[in-house]
Amino acid sequence: MCCSICYGQEIFVRERIEKLNIPHKEEVVEHWISYAKAAQLGEPTNHLWLDESRDFLLNFIPDFYRCFNQTLSDLQFSEDEQYRLIIHAEHISERRTGATQGIDYQLNIVLTSQGWRLVNRFDIVKSRYKHYSTEHIDFYTLARPVTEEQLLLTEQYLAAFTSHYGVTMKERLTYIYCADSEARALSDIGIIKIYNGENGVVGARYLVNPHTIIAPSLPHFHELVHAVMIPNYPNAPLLLHEGIAVLEGETRKSKSHRREEAIRYLSHNHIEFTTPEQLHALLKDNGIVYYAVASAIIEYCLNVFGAKSVIQLFESTEYDGIFEQLGIAPLERTKFVYGLFGIQK
């Protein structure tokens, strides 16, 4: 049964749900549909969630509710009076292409004194995790213990980074350390299966809301930089966020690899950097080079103008504003970027 269409995305409830003999079934389903509609439209949804619980999927996959059809495929009722919803999401283009790109995930719904509320799975299962707390971060790990050295190193890094750039960590961070089982960590935030050949966490991720890092290593400096900068400058271009995360959050070996790949790629391909669309095309074609370019721009600003000027760049909300602050005219942008890698254009 198709319940709604918003921006071309459809919300379905499987016919088998209608046959289930579960108390308050209609109210639970309607609450989920209301949430899915609001998420598709970009409307406020916090009031539909229990306390501080939030939807990991909103940040795990960009524009998740705008780009994926949602199908409620199963509904279960437990003895603790929690409702478990199993949802299959399918990318809206996949039915036309015949490709498979989708995700199965779960949400929970409970009845409170204020009415029905959604709960993410991690808020239900996190009591099974070992918990460590520092000044800025709550760490959770399944089996592998977190050492005092790891905790101290993480806080020392945050102190050095925030002091250098004159920024602050805006709120406490949740850090899910999933070295023992990436697939289990995915399951524990509600992701059951991903239909694109990737059934484990790819590298690491920072999720804006809830303010969370999921990573197979600790500390993961790249994502820690995101956890500081994105809440402070949510409207800054991706180029800046990835640039500073690479520059300040990756090893010398990793940055050297990115730079070598960028030199090789740019030496054999003519890439224009005049417009943001051209840069976005590079991101889709070769992410390693994109990250190298982003890092090189931040490093140039830091070396020439200082840390305060880097932060001023983050106050730009447009691609053009970055180069305007650097004093680079539109027709000189391509030459400037190539020059960062010692390539004459």
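Position 1 is the first residue of the sequence; numbering continues from there.
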Can you find a side-chain donor-acceptor pair between Y105 and H88 that sits under 3.5 Å?
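There is no such pair (donor and acceptor under 3.5 Å, judged by atom type) between the side chains of Y105 and H88.
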What is the minimum heavy-atom distance between [X] and [Y], and which atoms define it?
| X | Y | answer |
| --- | --- | --- |
| F77 | I22 | CB-CG2, 3.8 Å |
| I11 | A36 | CD1-CB, 3.7 Å |
| R54 | P210 | CB-CD, 3.6 Å |
| I17 | L72 | CG1-O, 3.9 Å |
| A204 | A215 | CB-CB, 3.6 Å |
| A38 | P44 | CB-O, 4.3 Å |

Return yes when atom CD of E52 has more than 12 non-hydrogen atoms of other residues, nucleotides or ligands closer than 6.0 Å, and no otherwise.
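Atom CD in E52 is not crowded, with 12 or fewer foreign heavy atoms closer than 6.0 Å.
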Quick check: are there more than 12 heavy atoms from other residues, nucleotides or ligands sitting under 6.0 Å from CD of E318?
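Incorrect, the count does not exceed 12.
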Residues two or more places apart in sequence or in another chain: which of them pass side chain to side chain donor-acceptor pair (under 3.5 Å) with [X]?
| X | value |
| --- | --- |
| E27 | H24, W116 |
| T134 | E155 |
| E223 | none |

Suppose the criterion is salt bridge (Lys or Arg N to Asp or Glu O under 4.0 Å): which pairs have a residue in residues 253-273, not counting sequence neighbours?
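Matches after skipping sequence neighbours: E250-R258, E261-R264.
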Among pairs that include at least one residue of residues 122-133, which meet salt bridge (Lys or Arg N to Asp or Glu O under 4.0 Å), considering only residues two or more places apart or in two chains?
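For residues 122-133, and leaving out neighbouring residues, the salt bridge (Lys or Arg N to Asp or Glu O under 4.0 Å) pairs sorted by first residue read D123-K126.
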Euclidean distance, [Y] [atom2] relative to [X] [atom1], rounded to 0.5 Å:
| X | Y | atom1 | atom2 | value |
| --- | --- | --- | --- | --- |
| I230 | I244 | CD1 | CD1 | 11.0 Å |
| F341 | I263 | CZ | CD1 | 7.0 Å |
| Q40 | N69 | CD | CG | 8.0 Å |
| L57 | I191 | CG | CD1 | 5.5 Å |
| T334 | I343 | OG1 | CD1 | 12.0 Å |
| E332 | T274 | CD | OG1 | 10.0 Å |

Would a hydrophobic clustering, with Ile, Leu, Val, Met, Phe, Trp and Tyr connected at side-chain separations under 4.5 Å, put [X] with [Y]?
| X | Y | result |
| --- | --- | --- |
| L173 | L152 | no |
| L279 | I288 | no |
| V304 | V337 | yes |

Indicate yes or no: at least one non-hydrogen side-chain atom of [X] is less than 4.5 angstrom from one of [Y].
| X | Y | value |
| --- | --- | --- |
| D188 | I176 | no |
| Q106 | N108 | yes |
| P219 | L224 | yes |
| L85 | V28 | yes |
| L75 | V29 | yes |
| R121 | V125 | yes |
| V293 | I271 | no |
| L118 | H31 | yes |

For [X], what residues pass the ring-ring contact (aromatic ring centres under 6.0 Å, His included) criterion, not counting sequence neighbours?
| X | value |
| --- | --- |
| F305 | none |
| F323 | Y319 |
| H280 | none |
| Y291 | none |

Is the shortest distance from a Lys or Arg side-chain nitrogen in D74 or R84 to a carboxylate oxygen in the other one below 4.0 Å?
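Looking at D74 and R84, the cut-off is not met.
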Does [X] reach the main-chain N or O of [Y] with its side chain, forming a donor-acceptor pair under 3.5 Å?
| X | Y | result |
| --- | --- | --- |
| R205 | I214 | no |
| D285 | A281 | no |
| S217 | H220 | no |
| T141 | R144 | yes |
| R172 | I137 | yes |
| Q278 | T275 | yes |
| D51 | S53 | no |
| S163 | A160 | no |
| T71 | S73 | no |
| Q325 | Q312 | yes |

Determine which pairs satisfy ring-ring contact (aromatic ring centres under 6.0 Å, His included) with at least one residue from [range], sequence neighbours left out, and list them in order.
| range | value |
| --- | --- |
| residues 222-275 | H222-H226, Y233-F314, H241-F314 |
| residues 129-169 | F122-Y129, F122-Y140, H131-Y140, F139-Y175, Y157-F221, F161-Y165 |
| residues 33-55 | Y35-W49, Y35-Y65 |

Let's go through T162 and T168 carefully: what are the C-alpha distance in whole Å and the side-chain angles of both, what is the deciding distance for side chain to side chain contact (heavy atoms under 4.5 Å, CB included) to 0.1 Å, and is it a yes or a no?
CA-CA 6 Å; T162 55; T168 60; 5.7 Å; no
Residue that, paired with I298, satisfies side chain to side chain contact (heavy atoms under 4.5 Å, CB included) out of L239, V310, I322:
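When side chain to side chain contact (heavy atoms under 4.5 Å, CB included) is applied between I298 and each of L239, V310, I322, only V310 qualifies.
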Pair I103, F64 - check side chain to side chain contact (heavy atoms under 4.5 Å, CB included), show working.
CA-CA 10 Å; I103 185 168; F64 177 68; 3.5 Å; yes
List the steps and the verdict of side chain to side chain contact (heavy atoms under 4.5 Å, CB included) for N209 and L58.
CA-CA 8 Å; N209 185 17; L58 280 173; over 6 Å; no
